[in-house]
Structures are given as C-alpha cells and as structure tokens.
2 protein chains.
Amino acid sequence: MAVTIKDVAKLANVAPSTVSRVIADNPRISEETKERVREAMKELGYHPNFIARSLANQSTQALGLVMPSSADKVFQNPFFPEVIRGISTMAHEKDYALYMSTGETEDEIFEGVVKMVQGKRVDGIVLLYSRIDDEVINYLVENKFPFTVIGKPFKDADSITHVDNDNYLASKEVTEYLIGLGHDRIAFVGGSLNLVVTIDRLLGYEKALRNSNLVYRDDYIVQEEFLKEGGREAVKELLALTDPPTALVVTDDIMALGVLNTLAEMGISVPDDISVVSFNNSMFSEVSRPPLTSVNINIFDLGCTAAKYVIEQIENPSGHVKRVIVPHKLVKRQSCKEKSLQLKTVE
Amino acid sequence: MAVTIKDVAKLANVAPSTVSRVIADNPRISEETKERVREAMKELGYHPNFIARSLANQSTQALGLVMPSSADKVFQNPFFPEVIRGISTMAHEKDYALYMSTGETEDEIFEGVVKMVQGKRVDGIVLLYSRIDDEVINYLVENKFPFTVIGKPFKDADSITHVDNDNYLASKEVTEYLIGLGHDRIAFVGGSLNLVVTIDRLLGYEKALRNSNLVYRDDYIVQEEFLKEGGREAVKELLALTDPPTALVVTDDIMALGVLNTLAEMGISVPDDISVVSFNNSMFSEVSRPPLTSVNINIFDLGCTAAKYVIEQIENPSGHVKRVIVPHKLVKRQSCKEKSLQLKTVE
DNA sequence: TTGTATGCGTTATCAA
DNA sequence: TTGATAACGCATACAA
C-alpha cells in the first residue's frame with residue numbers, strides 16, 4: 001500500500017487533518033509545523049491520492065473530450081489532433097488533465113459521456129463537434145454539467161457556451177471568390193448534413209449563389225465523410241453529370257485531397273480544368289498537388305478557447321454564457337484559376 | 001447531489017451492500033431482488049460513481065498516455081495521432097478509457113506521471129517514446145507499476161514489456177536500397193540522439209555503409225527535431241558541405257517534408273538531384289512532391305499492441321514480460337533514383 | 001493553531 | 001440470500 005496522509009501524520013507527530021491542511025497550504029497552520037510536515041512528506045515520498053481527494057472534493061481537475069465518432073476515424077483527420085493540441089495547451093496552463101472515453105458508435109459515445117459525468121470522472125466536457133439533435137448536448141444541459149462545444153449548437157445556441165467560426169460567412173466568401181473568378185457552375189462537397197458546420201457552410205454557399213443570381217442545383221450538392229475516400233466519391237458523382245461543375249467548394253482539406261487524387265487519376269487538371277477551394281488550411285493544403293487554396297479557421301484557437309471557457313464555468317459556475325467567434329482567413333494557393341483562363345471545360 | 005447506491009437501496013427496500021452486489025451481478029443474490037433493485041436503479045437513473053468505486057477498488061479502468069514532450073509539438077507529427085488511434089481502439093475493446101496529462105517540459109511530464117501513478121488515476125501506462133536515461137521508466141520500474149513502452153527501452157529491455165519495430169534492420173535495408181541504386185554519399189537525418197529509435201536507425205545506417213565499404217562521415221549525420229523545420233535545417237547544413245550527399249535517409253516523414261520543401265526552394269530536384277527515403281509512411285508521404293519512398297512501420301499496430309499488453313499486465317500481474325516486434329515494409333514511391341540516372345550532382 | 005469526527009460513494013468482510 | 005459495518009484516503013465542520 002502506498003504512503004498516505006496518516007503515515008505522514010505519524011512521522012510528523014500531527015493529526016492527519018493537519019497534514020491535509022499543509023497540502024492545501026492553509027494559512028492557519030504555523031510555518032514550523034508546515035515545515036515539519038513537508039519534511040515528513042518528502043522523507044516518505046508522499047503524493048496525494050487523487051482519487052480519494054476527488055471523492056472528498058467532488059472535483060477531478062480533468063476535462064473530458066468527446067469526439068464525433070470512433071477515435072479510429074477521427075484521428076485520421078488532422079482537425080482533431082489540432083484542436084486537442086489547443087485544448088491541451090490551455091488545460092496545461094490551468095493544470096487540468098485530459099480524459100477521453102473510447103466509444104465507437106453514437107450510443108457508445110453517449111454512454112461514455114454518461115459515465116464521465118455520473119461517474120464524476122471529469123469536471124467539465126469539451127464537445128469536439130456539433131450535430132443536430134445531439135442527445136449528448138441534451139443530457140449535459142439537463143444535468144447542468146459544465147461544457148463547451150466547438151461549433152455552433154443546433155438549438156439553444158444562446159444558452160450554451162460555444163466556440164465557432166463564422167462558417168456561414170466563410171463559405172459565402174469562398175464561393176464569392178470563385179464567382180469572382182468567373183465560375184458559374186460551382187459544386188459543394190461537404191460532410192454529413194447532421195453536422196451543423198456543414199449546414200452553415202452550405203447556407204453560405206447558397207447565399208453567395210443567390211446573390212449572384214446563379215442557380216442552386218441539388219445535384220451540385222454532395223455529402224460524404226470527412227475522409228479522403230469521401231472526396232473520391234464526390235468527384236465520381238459530380239463528374240458523371242452532363243454538365244459538371246468547373247469549381248468546387250470542399251469543406252475539408254482531407255476530402256479535398258481525395259478530390260485532387262481522383263481528379264488527377266482521371267487526367268483532369270487542377271486548376272486548369274477545375275478550381276478547388278477547401279477548409280482547414282492543414283499542412284496537407286500546403287503539400288498537396290497543387291497546393292490548396294484553403295480557409296484557415298484557426299483550429300488551435302478553437303481548442304484553446306473552448307478549454308478556457310469550460311474551465312471558467314467549472315471554477316465560476318455562476319458565470320455568463322459565452323459565444324466566441326474565431327476569425328477565419330482565406331489562404332490563396334494554386335488550386336484556383338479564372339474560368340476564362342482554364343484550358344478547357346470538362347464535358 | 002446525484003443519486004447514489006443508498007437512494008436505490010431505500011427505494012428497493014434493501015441494504016446498500018445488496019445494491020452493490022447487484023451491480024457486480026453477484027450470483028448469491030436472488031433473481032427477484034436483482035430485478036427489484038434494477039428497476040429502482042432505472043427509475044432513479046442511477047449510475048455508479050466511478051471515483052468512489054475506484055477508491056474502494058483501487059482500480060480506474062483507465063490507461064495513462066505519456067508523450068515525449070508538450071502536446072503542442074507532439075500533435076504536429078502524425079505519428080502520435082496514429083499511435084493513439086491504435087491504443088484507443090484496443091482500449092475501447094477492453095473497456096478502458098484514456099487519460100493524458102499535459103506537461104510541457106521533461107520535468108512536468110515526469111511530475112504528471114507521478115501524479116497519475118501515486119494519485120491512482122490510471123491502472124497502467126503506455127509510454128509513447130523511448131529515450132535514454134529516462135527517469136519515467138526508472139520510476140515506473142521502481143514502483144512496479146504496469147506499463148509498456150512503444151520503442152525499445154534503452155536499458156533492461158528484456159525485463160520491460162515493449163513494442164517496437166526492428167529499426168536497426170529497417171534502417172539498414174533502406175540504406176542498402178540507396179546503395180543498391182549506386183549512391184555512395186548518403187547522409188542520415190535523424191531526430192534527437194536521446195531517442196532510442198534514432199540510435200537504432202543510425203546504427204543500421206552505419207552497418208549498411210560499413211558492409212559496402214563506404215565511409216561513415218560525421219558531417220553526414222544530422223539531428224533535428226521531428227518537425228518540418230527540422231528537415232529544413234538539415235538540408236541547409238548538408239548542402240553547405242563541399243561534397244554534399246546525393247541521397248538522404250530521413251527518419252521521419254514530416255522532417256522529410258521539410259527537406260523536400262527546402263530542396264525545392266533551392267531549385268534542387270528530388271529525385272533527379274537527390275534521392276530521399278524516409279520513415280512512417282504517413283499520408284504525407286503519399287501527397288508530397290514527389291511522393292516519398294518511406295518505411296511503413298505500422299504505427300496503428302504499435303499502439304494497439306502496446307495497449308493490449310498493459311491491459312494484460314493489469315489484469316494478470318504475474319504474467320511474463322513481452323517483447324513484440326511489429327514488421328515494417330519499404331514502400332517505394334518516387335523520391336529515389338539510380339545515381340547514374342540523376343541529372344547532375346550538386347556540388 | 002491543531003485535533004476529532006464525520007462524510008464522500010463504493011466494495012468487501014463478517015455475521016445473521 | 002441478505003444486512004451491518006468497516007475500510008479506501010482525503011477534506012472539513014466543529015471543538016478544543
């Protein structure tokens with residue numbers, strides 16, 4: 001059995017409660033005894049048992065991370081390591097640890113959240129995604145458990161602290177950029193429509209088209225998974241149309257990579273035949289062929305800020321709901337071209 | 001206050017201990033009372049408090065992850081998301097959660113480990129790296145705490161369960177491949193020499209040179225950080241030499257990416273002027289220009305297996321030390337060329 | 001300034 | 001088959 005507060009107490013000739021107070025650096029303990037107790041701790045190699053402390057305290061100094069699906073898939077998209085990087089940095093600053101449950105299906109993930117919350121394994125939660133009709137959010141709200149979401153909650157957005165980009169605007173700008181290059185057949189390749197981010201970006205895209213009196217065509221809207229294969233599927237669908245698009249808004253770099261690959265295999269050149277813009281500005285957008293014009297959404301900041309505000313909620317439960325919009329910026333590289341300069345049009 | 005075992009007991013008209021036994025599905029409880037208790041649990045929405053259970057049990061069903069440095073840097077290299085993916089998959093299968101502390105310096109990381117262990121926050125630990133003279137390993141060994149390391153422990157390798165590649169062999173093969181292409185001026189760009197993986201690969205590289213009677217030159221050995229910038233620095237150093245290498249063994253894709261970038265900026269072509277092989281076979285090696293010839297070290301398996309064996313240690317403490325070598329495979333792409341076919345030699 | 005007693009929510013050991 | 005009761009290791013209200 002490890003050394004406990006009692007062993008220290010015995011050695012230092014004080015009561016266990018005194019040791020406890022020394023650990024908490026309680027000002028009502030004399031410097032002398034503090035010194036004596038500290039020496040005893042050092043001598044015995046004492047370290048507090050966090051579990052016991054958590055039980056007495058009702059606090060764990062840990063943040064729970066909830067991902068949209070199995071780590072298996074999630075970690076293939078650089079978005080997640082990057083948000084976690086942000087969360088971790090802030091967590092470290094505030095001295096919190098990170099806790100991840102490992103569910104695979106939606107149900108398992110929900111179960112994982114319940115275990116974290118009811119099991120009191122974490123003090124707060126960061127949701128790394130936002131989807132419509134999410135039972136996780138409902139559960140957290142009902143239980144008044146501290147949490148923040150990265151992305152915009154589908155409903156009750158003004159009563160839930162969240163950190164998001166202005167995805168509507170970003171997508172609108174990106175589409176306008178393409179329109180500005182003379183494109184009028186622009187397709188949208190997004191992730192699942194269950195994700196609020198997809199909805200927002202689709203809306204922005206639609207708005208831009210409408211503003212320019214371009215037609216919004218259902219067959220130009222494709223939804224796939226946020227993985228490379230997703231991009232591959234999208235291209236196949238779109239190029240099978242009788243009048244395929246000349247430009248693509250892709251909502252994720254990793255999908256865009258799939259798009260690029262597939263296009264290359266088909267002998268279609270980017271940007272000579274088709275222009276592509278994407279989101280996330282991950283390292284992939286720099287190294288792809290051609291380098292991708294992509295929206296930098298400051299993923300790291302997203303994570304940092306989200307962590308900051310759960311911790312704030314934990315430490316000051318009466319605080320106010322926050323809503324933070326992290327700025328975005330279009331980074332132009334070589335995947336877009338004026339339509340008139342494109343060599344030929346795919347038919 | 002949440003609903004506890006006592007509330008359930010009251011509602012079901014039994015003692016708390018009975019409820020506890022029902023949770024554990026103790027066979028000595030009659031089916032009737034079990035049913036009654038279960039209904040009460042459902043009615044109250046009872047969920048066990050994991051912290052309390054951990055305290056009573058001395059077990060947490062959680063695995064601690066220890067990274068080599070701040071998450072900040074670590075998550076920029078795709079190796080780590082990928083191992084975690086593997087670990088997470090196995091952890092999920094065995095119903096364990098994951099716990100990460102967030103230290104930045106070596107000391108903070110060590111402190112984090114101590115907190116995990118003494119604080120009884122986790123049942124076992126996976127070390128995601130292996131460096132020489134690592135106090136973390138010493139500490140874990142001294143405390144007889146279950147852990148596995150990904151990589152080869154610097155010392156006592158046969159008393160520490162670990163999962164590794166045969167890095168010596170892999171590096172030797174890779175170097176021989178380059179020699180086979182006619183190269184005789186081959187440089188080695190590795191990570192920190194504190195990392196055992198770097199040492200092993202350097203040794204393999206050296207052996208291959210020696211076998212072919214090529215000279216081993218100190219100025220052909222460069223160590224940098226496992227990041228893109230690392231590759232950039234390496235190239236600068238090597239190309240400043242009077243007789244620069246015609247081929248590079250780079251021990252990490254992300255560094256190789258930096259190498260490729262820098263070379264491109266300098267107007268030096270890969271593979272026409274310089275051949276490059278690297279390790280990890282991450283997605284970057286597929287999308288880089290040119291696509292990188294890289295060693296697939298099966299990172300996912302590394303993680304999976306490491307997790308599997310900590311859990312085994314946890315559940316069967318008397319088990320035997322394991323040492324697993326995960327196979328590797330050279331994946332040839334377009335970053336290497338026979339020396340005689342290279343257009344010119346950089347001087 | 002310090003000690004005593006009790007509780008945090010479980011599990012486990014004895015009895016019954 | 002079930003119920004008291006004592007741990008588990010720490011924090012804290014109350015006493016001293």
Side-chain angles (χ1 to χ4, degrees), chain A residues 1-38 40-41 44-62 114-123 143, chain B residues 1-38 40-41 44-62 114-123 143:
Chain A
M1 203 60 24
V3 24
T4 77
I5 214 173
K6 286 180 191 167
D7 304 316
V8 177
K10 209 168 291 173
L11 182 64
N13 252 314
V14 294
S17 54
T18 304
V19 178
S20 174
R21 284 191 261 256
V22 173
I23 295 172
D25 203 22
N26 189 315
R28 307 194 308 193
I29 299 287
S30 72
E31 271 311 317
E32 303 165 63
T33 40
K34 272 190 186 173
E35 222 21 74
R36 198 147 42 89
V37 170
R38 286 195 184 116
M41 296 200 307
L44 296 175
Y46 170 79
H47 273 267
N49 180 322
F50 233 93
I51 295 291
R53 169 180 287 186
S54 294
L55 185 59
N57 260 352
Q58 310 283 40
S59 115
T60 60
Q61 290 284 329
V114 173
K115 277 188 187 174
M116 286 201 252
V117 174
Q118 309 262 16
K120 308 245 184 286
R121 280 170 170 243
V122 299
D123 294 341
N143 286 273
Chain B
M1 202 62 23
V3 24
T4 76
I5 214 172
K6 287 181 190 166
D7 304 316
V8 178
K10 209 167 292 174
L11 182 64
N13 252 314
V14 293
S17 51
T18 304
V19 178
S20 174
R21 284 190 263 256
V22 173
I23 295 171
D25 202 22
N26 189 316
R28 306 193 311 193
I29 299 287
S30 73
E31 271 310 317
E32 303 165 63
T33 40
K34 272 189 187 174
E35 222 21 75
R36 196 147 41 89
V37 170
R38 287 197 183 113
M41 296 198 310
L44 297 175
Y46 169 80
H47 272 267
N49 180 323
F50 235 92
I51 295 290
R53 171 179 285 187
S54 294
L55 185 60
N57 260 353
Q58 311 282 39
S59 117
T60 60
Q61 289 284 331
V114 173
K115 277 188 186 172
M116 286 201 250
V117 174
Q118 310 262 13
K120 308 242 183 287
R121 282 173 166 240
V122 299
D123 294 341
N143 286 273

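The structure displayed is predicted, hence computed values, not measured ones. Order of the sequence lines sets the chain letters (A, B, ...), proteins ahead of strands, with each chain counted from 1.
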A.B. asks: Roughly how far, to the nearest 0.5 Å, is OG1 of A/T18 from CG of A/N13?
C.D. replies: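 It comes to 11.0 Å.
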A.B. asks: NZ of A/K10 versus P of D/dC10: gap in Å, rounded?
C.D. replies: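 Rounded to the whole Å, the gap is 13 Å.
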A.B. asks: Calculate the interatomic distance between B/I5 atom CD1 and D/dA4 atom C1'; express it in whole Å.
C.D. replies: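 So the two atoms are 14 Å apart, to the nearest Å.
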A.B. asks: Could you state the atom-to-atom distance from NZ of B/K120 to C1' of D/dA7 in whole Å?
C.D. replies: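 Taking atom C1' of D/dA7 as the reference, NZ of B/K120 is at 15 Å.
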A.B. asks: Between D/dG9 and B/Q58, is there an OP1 or OP2 to side-chain N/O distance shorter than 4.0 Å?
C.D. replies: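 Yes, B/Q58 has a side-chain N/O under 4.0 Å of OP1/OP2 on D/dG9.
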A.B. asks: Nearest whole angstrom, please: distance from the P of C/dT2 to the CD1 of A/I23.
C.D. replies: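 These atoms are roughly 15 Å apart.
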A.B. asks: How many Å lie between CD on B/E35 and P on D/dT1, as a whole number?
C.D. replies: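 Distance check: B/E35 CD to D/dT1 P gives 16 Å.
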A.B. asks: What nucleotide among C/dT11, D/dG9, D/dT12 has an atom nearest to a side-chain atom of A/S20?
C.D. replies: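 Of the options given, the side chain of A/S20 lies nearest D/dT12.
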A.B. asks: With sequence neighbours left out, which residue pairs that include part of residues 4-26 of chain B fulfil the salt bridge (Lys or Arg N to Asp or Glu O under 4.0 Å) condition?
C.D. replies: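 Non-adjacent pairs meeting salt bridge (Lys or Arg N to Asp or Glu O under 4.0 Å): B/D25-B/K34, B/D25-B/R38.
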A.B. asks: Reckon A/L55 touches a base, only the sugar-phosphate, or nothing at all at heavy-atom distances under 4.0 Å?
C.D. replies: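 Base contact.
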A.B. asks: Tell me, please, which residues at least two apart from A/T60 pass side-chain hydrogen bond (donor to acceptor under 3.5 Å, both in side chains).
C.D. replies: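 Per chain and number, A/T60 pairs via side-chain hydrogen bond (donor to acceptor under 3.5 Å, both in side chains) with A/D123.
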A.B. asks: I'd like to check the side chain to side chain contact (heavy atoms under 4.5 Å, CB included) partners of A/A52; sequence neighbours left out, ordered by chain and number.
C.D. replies: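 A/A52: side chain to side chain contact (heavy atoms under 4.5 Å, CB included) contacts with A/N49, B/L55.
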A.B. asks: Please confirm whether the backbone N or O of A/S59 pairs with a side-chain atom of A/N57, one donor and one acceptor, at under 3.5 Å?
C.D. replies: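 The answer is no, because no donor-acceptor pair under 3.5 Å joins these two groups.
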A.B. asks: Can you tell me how far P of D/dT12 sits from CG of A/D25, to the nearest Å?
C.D. replies: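 Rounded to the whole Å, the gap is 14 Å.
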A.B. asks: Go through the structure and list residues passing side chain to side chain contact (heavy atoms under 4.5 Å, CB included) with B/I23, not counting sequence neighbours.
C.D. replies: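 Only B/I5, B/V19, B/M41, B/Y46, B/R53 meet the side chain to side chain contact (heavy atoms under 4.5 Å, CB included) criterion with B/I23.
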A.B. asks: Can you check the B/N26 CG to D/dT2 P distance for me, whole Å?
C.D. replies: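 Spelled out: CG on B/N26 to P on D/dT2 is 10 Å.
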A.B. asks: In residues 44-51 of chain B, which ones come under 4.0 Å of DNA chain C, going by heavy atoms?
C.D. replies: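 Residues of residues 44-51 of chain B that come under 4.0 Å of DNA chain C are, in numerical order, B/Y46, B/H47, B/P48, B/N49.
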A.B. asks: Using a cut-off of strictly less than 4.0 Å, decide whether A/S30 has a side-chain nitrogen or oxygen near OP1 or OP2 of C/dT2.
C.D. replies: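 Result: yes.
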A.B. asks: Is any side-chain heavy atom of A/V117 closer than 4.5 Å to a side-chain heavy atom of B/H47?
C.D. replies: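 SC-SC contact between A/V117 and B/H47 ruled out.
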A.B. asks: Ignoring hydrogens, what is the shortest heavy-atom contact between B/I51 and A/K120? Give both atom names and the distance.
C.D. replies: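 Looks like CG1-O, 3.1 Å.
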A.B. asks: If you pin B/V19 and A/T33 to their nearest nucleotides in DNA chain C, which one's is more 5'?
C.D. replies: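 Upstream on the strand: A/T33.
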A.B. asks: At a cut-off of 3.5 Å, list every protein nitrogen or oxygen paired with a nitrogen or oxygen from nucleotides 3-5 of chain C, distance to 0.1 Å.
C.D. replies:
| unit_1 | atom_1 | unit_2 | atom_2 | d |
| --- | --- | --- | --- | --- |
| C/dG3 | OP2 | A/A15 | N | 2.9 |
| C/dG3 | OP2 | A/T18 | OG1 | 2.5 |
| C/dG3 | N7 | A/R21 | NH2 | 2.6 |
| C/dG3 | O6 | A/R21 | NH1 | 3.1 |
| C/dG3 | O6 | A/R21 | NH2 | 2.7 |
| C/dT4 | O4 | A/S17 | OG | 3.2 |

A.B. asks: Once rounded to the nearest 0.5 Å, what's the spacing between atom OG of B/S17 and atom CD1 of B/I29?
C.D. replies: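 The CD1 atom of B/I29 is 8.0 Å from OG of B/S17, to the nearest 0.5 Å.
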A.B. asks: For DNA chain D, whose closest nucleotide is more 5', that of B/P27 or that of B/A52?
C.D. replies: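 Residue closer to the 5' terminus by nearest nucleotide: B/P27.
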A.B. asks: In whole Å, I'd like the distance from the CZ atom of A/R53 to the P atom of C/dT10.
C.D. replies: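 Between P of C/dT10 and CZ of A/R53: 22 Å.
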